[in-house]
Undergrad: 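Here it is, the structure, as structure tokens.
All values below come from the heavy atoms of this structure, side chains included, with hydrogens, waters and symmetry mates left out. By convention in this document, chain letters (A, B, ...) are assigned in the order of the sequence lines, proteins followed by strands, and residues within each chain are numbered from 1.
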Amino acid sequence: MKVLILKKRRDFIRAAKGYKSIVSGLILQAAQSLSAPHKPLSDDICYIGYTATKKIGKAHLRNRAKRRLRAAAAKVFPQFARARTDYVLIARYNTVDIEFAALVENLRRALERVNADMAAHAAKAVS
RNA sequence: CACGGCAGCCGGAUAGCUGCGCGUCGGCUUUGCCCGACGUGAGGAAAGUCCGGGCUUCGGAGAGGCAAAACACCAGGUAACGUCUGGCGGGAGCAAUCCUAGGGAAAGUGCCACAGAAAACAAACCGCCGGAAUUUUCCGGUAAGGCUGAAAAGGCGAGGUAAGAGCUCACCGCAAAACCGGCAACGGUUUUGGCAGGGUAAACCCUGUUUGAUGCAAGACCAAGUUAGGAGAAUGCAAGUGCAGAGCUUGCUUUGCAGACUGCGUUGUAUGGAAUGCCUUUCUUCCGCUCCAGAGGUAGGUCGCGACGAGUUGUUUGGCGACAGACAACCCAGAUGAAUAGCUAUCGUUCUGCUUUGGCAGAAUACAGAACCCGGCUUAUAGGCUGCCUGAAAG
RNA sequence: GGUCCCAUCGUCUAAUGGUUAGGACAUCACCCUUUCACGGUGGUAAUAUGGGUUCGAGUCCCGUUGGGAUCA
């Protein structure tokens with residue numbers, strides 16, 4: 001599973017209106033990918049974007065939060081992510097302070113929950 | 001010893017595992033958003049965006065004037081500016097040292113609340129003195145004393161006088177001149193004058209100096225796609241309107257002028273318009289010019305954009321210094337939902353507790369993240385190091 | 001990344017460089033009423049912050065902090 005970077009504001013807004021899971025340290029949002037120029041789709045590609053608002057702190061703290069999220073995602077996503085999906089990770093007030101192992105575990109559980117919701121919705125649409 | 005002063009520096013280290021951006025080179029049984037190797041990868045403030053410049057576009061930023069803004073002791077340094085450097089004057093401190101937007105109020109205008117007799121042409125409330133009057137008061141002299149206030153036509157002492165006064169004198173202050181020192185600001189000495197005159201210019205202002213605007217979302221190129229015009233201005237012609245004149249047929253014709261409207265054209269070399277605060281002007285250039293509406297659309301890619309530079313480091317020369325010169329070596333982040341990291345271990349530093357003085361345990365380890373690039377300023381900053389100086393006490 | 005603007009009681013606001021920074025709503029106490037509301041009287045409460053100019057600063061000048069707007 002290849003994980004590519006999500007860049008367009010439009011995709012972030014769509015993910016915010018989709019499925020959501022809140023855990024300690026981060027918020028995970030997800031939505032079905034839409035095809036667009038410069039954004040190819042296939043069965044082994046998903047997209048991920050990171051958000052850290054001014055609530056987190058000054059610039060170096062926001063950078064640090066995004067880095068920890070990126071490191072955690074690198075451990076979890078190749079194994080558990082769904083293809084053809086846009087994911088958005090949002091940093092929370094404790095993203096910088098929480099233990100890294102807990103952050104990874106929370107991300108894994110959030111990802112499982114969101115994937116289950118999306119699978120159930122898809123099955124219902126098919127039936 | 002000091003919660004005294006100044007100047008400068010550092011801003012944790014090592015190892016392992018897993019990773020990221022960029023560059024170079026290589027690989028091909030997937031020419032890829034692929035794989036591998038090597039190299040390289042945040043700061044003293046990268047921050048605030050407060051000044052100044054490079055660079056960019058506005059046709060060339062040329063000339064003159066106006067407006068607006070900034071600055072204002074002297075000398076120096078710089079690409080330029082500055083709260084830069086060195087001095088001078090003023091202020092604070094026992095001192096080292098620190099602070100200081102510091103031209104002009106003898107060009108003009110304004111303002112100076114309350115209080116006070118009086119707040120700026122000088123005047124005279126109480127008082128003092130002389131005279132008239134003898135009780136209140138009136139006339140004259142005076143500005144030493146008094147209350148007010150941030151500020152009241154120099155301070156203090158002596159002489160002098162009816163009482164007083166730079167009226168006179170000594171000292172201090174002030175002003176002018178001469179001489180001396182200094183590039184200068186200015187300082188010092190001497191002599192003379194005999195008191196000139198309130199404050200405020202970070203109030204208007206005057207004088208001098210400087211400044212065109214823009215700000216990498218600048219700007220250049222490539223690719224793709226959509227659209228509908230209208231109004232105004234200038235000018236030509238035509239018809240109609242108003243005013244004036246002429247003609248006789250007395251309500252028609254004709255001529256001239258006027259500015260607005262309507263219609264049809266034109267905008268060419270002319271007219272006109274434009275060149276970024278406004279006006280004028282010069283050369284050159286461009287074109288129709290100005291305004292309103294409409295369509296598409298939240299925006300792709302490449303360059304600008306990384307080093308040949310006001311470059312970095314070191315040595316050295318000159319200078320009190322800011323800084324300048326010479327020589328040598330080096331090439332050193334370049335992203336764009338944005339890399340420079342995540343985790344672990346050991347050590348270092350500081351603090352606290354215990355202690356067998358060997359250590360052990362715990363906690364803390366700052367401020368903060370490049371986005372075109374430089375020079376300053378300002379603000380944030382755990383902890384630490386170095387040098388010089390001042391004061392006090394003791395030897 | 002750049003360019004601009006603003007800041008006065010809890011809220012909305014006023015102010016010529018000159019008394020103790022005024023007013024309305026809100027709030028607190030008291031009065032009125034059987035009680036509540038209305039009404040009346042009185043009180044609490046602010047110049048974002050640090051300097052400078054001035055005799056005197058909310059006002060003038062400089063820095064800082066916080067908030068907001070805008071860009072093709």
Undergrad: Kindly label the base of B/G166 as syn or anti, based on whether its glycosidic torsion lies within 90° of 0.
TA: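 B/G166: syn glycosidic orientation.
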Undergrad: Mind telling me whether B/G311 is syn or anti, cutoff 90° either side of 0?
TA: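 B/G311: anti.
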Undergrad: Taking side chain to side chain donor-acceptor pair (under 3.5 Å) as the test, write out the residues that go with A/Ser21, two or more places apart.
TA: A/Arg113
Undergrad: My understanding is that only residues two or more places apart in sequence, or in another chain, count here; which of them pass side chain to side chain contact (heavy atoms under 4.5 Å, CB included) with A/Asn115?
TA: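 Expected list: A/Arg82, A/Tyr87, A/Leu111.
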Undergrad: Testing the basics here: between A/Asn106 and A/Ser24, what is the closest heavy-atom pair and its distance to 0.1 Å?
TA: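 Distance-wise, the nearest heavy atoms are ND2-O, 2.9 Å.
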Undergrad: So, does A/His60 get its side chain near the phosphate of B/A368, meaning an N or O under 4.0 Å from OP1 or OP2?
TA: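 So the side chain of A/His60 is outside the cut-off, no N or O lying under 4.0 Å from OP1 or OP2 of B/A368.
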Undergrad: Checking A/Asp117 now: which residues fulfil side chain to side chain donor-acceptor pair (under 3.5 Å) with it, not counting sequence neighbours?
TA: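 In terms of side chain to side chain donor-acceptor pair (under 3.5 Å), with neighbours along the sequence ignored, A/Asp117 is linked to no residue.
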Undergrad: For A/Ala59, which contact category applies under a 4.0 Å heavy-atom criterion: base, sugar-phosphate, or nothing?
TA: sugar-phosphate
Undergrad: With a 3.5 Å limit on both atom pairs, tell me what B/G225 is paired to, counting Watson-Crick and G-U wobble, or say none.
TA: none
Undergrad: Please list, chain by chain and in numerical order, all residues satisfying side chain to side chain donor-acceptor pair (under 3.5 Å) with A/Tyr19, sequence neighbours excluded.
TA: A/His121
Undergrad: Using the side chain to side chain donor-acceptor pair (under 3.5 Å) rule, collect all pairs that involve residues 60-73 of chain A, keeping only residues at least two apart or in two chains.
TA: none
Undergrad: Would you classify B/G358 as syn or anti? Syn applies when the glycosidic angle is within 90° of 0.
TA: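 Syn, since the glycosidic angle lies within 90° of 0.
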Undergrad: Check the interface with nucleotides 337-346 of chain B: list each N/O to N/O pair with the protein under 3.5 Å, or write none.
TA:
from: B/G337; atom 1: O2'; to: A/Leu6; atom 2: O; distance (Å): 2.4
from: B/G337; atom 1: N7; to: A/Lys7; atom 2: O; distance (Å): 2.6
from: B/G337; atom 1: N2; to: A/Tyr50; atom 2: O; distance (Å): 3.2
from: B/G337; atom 1: N2; to: A/Thr51; atom 2: OG1; distance (Å): 3.0
from: B/A338; atom 1: OP2; to: A/Arg70; atom 2: NH2; distance (Å): 3.2
from: B/U340; atom 1: OP2; to: A/Arg67; atom 2: NE; distance (Å): 2.8
from: B/G342; atom 1: OP1; to: A/Arg64; atom 2: NH1; distance (Å): 2.9
from: B/C343; atom 1: OP1; to: A/Arg68; atom 2: NH2; distance (Å): 3.0

Undergrad: Does B/G26 have a Watson-Crick or wobble partner in any strand here, with both distances under 3.5 angstrom, and which is it?
TA: B/C35
